[in-house]
Amino acid sequence: PAQLPRWLSARLRSRGLELEKEAVAYLAERVEGNLLAAAQEIDKLALLSLPQPVTLEALARCLEDTSRYNSFDLLDAVMAADAARTAKILNVLRQEGVALFAVLGALTSQLRRIDNPRGLPPARQKLLAQFARRIRQPGPVLAECAIIDQQGKGQRPGDAWLSLERLLLRLAGVKSMSLPGRDQALLTH
């Protein structure tokens, strides 16, 4: 797993593609170590003639192009504290077969950028700044994401999609939503 991003970068270069570091990490998370799936995704990207280097947002849109919405639409709704839109978009993404790890990867990527929004469009910077003021510390949210990741991989009990929905709604301002970490604590005591 630690070598997958390097393998992906080499494979991308061989196809004449360059992805931003975050986009390579997102792709690695999306293919979950499946080299055949990775090669197929890279081949699809090569056919699209995207501007280089390919950004995380552009990659997510390409990988989720069958969807009316993408992970970044969902995150915009979360950051704007629009719980109803958050629930709607998440439901559509799930019904359309978007991978849980694609949504989770986009969320963790944005959480890691909270303190460094340089390079983002001004509107997204403003939205991210508002979101950062609401959540204050991304660390606990990243810890919740780790629990959801483990649920999605079958390493922890619980429904990963339900946990993700509850986390996103909580981040969108629904205070009554319990978090996966709280539920896990209740199970162990």
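Positions are given from 1, in the same order as the sequence printed here.
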Does some side-chain heavy atom of Q110 sit less than 4.5 Å from a side-chain heavy atom of F72?
-> yes
Got L107 and L167 here, is their nearest side-chain heavy-atom distance under 4.5 Å?
-> yes
Is E18 reaching over with its side chain to a backbone N or O of G16, donor-acceptor style, under 3.5 angstrom?
-> no
All N/O donor-acceptor pairs, side-chain side in residues 75-95, below 3.5 Å, sequence neighbours left out:
unit_1	atom_1	unit_2	atom_2	d
D76	OD1	R124	NH1	2.9
D76	OD1	R124	NH2	3.1
D82	OD1	R85	N	3.1
T86	OG1	V78	N	3.4
T86	OG1	D82	O	2.8

Any side-chain donor paired with an acceptor under 3.5 Å for E20 and T55?
-> no
What heavy-atom pair brings S71 and A102 nearest, and what distance separates the two atoms?
-> OG-O, 3.7 Å
Can you check whether Q151 reaches D159 side chain to side chain, under 4.5 Å on heavy atoms?
-> no
Measure the spacing between CG of N116 and CD of Q125 and express it to the nearest 0.5 Å.
-> 9.5 Å
If you measure from NZ on K175 to CG on L169, what distance do you get to the nearest 0.5 Å?
-> 12.5 Å
From CD (Q137) to CD1 (I114), nearest 0.5 Å = 9.5 Å
Correct closest heavy-atom pair for A23 and V54 would be CB-O, 3.8 Å
Indicate the atoms forming the closest heavy-atom contact of C62 with L45, along with that distance.
-> CB-CD2, 4.0 Å
R15 side, atom CZ; R13 side, atom CZ - distance, nearest 0.5 Å = 14.5 Å
Any R156 side-chain heavy atom under 4.5 Å of I147 side chain | yes
Does E165 reach the side chain of L168, with side-chain heavy atoms less than 4.5 Å apart?
-> no
In Å and rounded to the nearest 0.5 Å, what is the CD to CG distance from Q3 to L8?
-> 12.0 Å
Are any of the side-chain heavy atoms of T108 and R112 separated by less than 4.5 Å?
-> yes
Point-to-point distance, once rounded to the nearest 0.5 Å, from OG of S9 to NZ of K21 = 10.0 Å
So with a 6.0 Å cut-off around CD of Q155, is the heavy-atom count from everything else above 12?
-> yes
Which atoms form the tightest heavy-atom contact between F101 and D149, and what is the distance?
-> CE2-OD1, 3.2 Å
Answer yes when E22 and R113 have at least one side-chain N-carboxylate O distance shorter than 4.0 Å, and no when they do not.
-> yes
Minimum-distance pair of heavy atoms, taken over all atoms of S109 and L56 | OG-CD2, 2.9 Å
Heavy-atom distance under 4.5 Å between the side chains of L19 and P53, does that happen here?
-> no
Are V103 and L162 co-members of a hydrophobic cluster defined by side-chain heavy atoms under 4.5 Å apart?
-> no
Smallest heavy-atom separation, Y26 atom then G105 atom, equals CD1-C, 4.2 Å
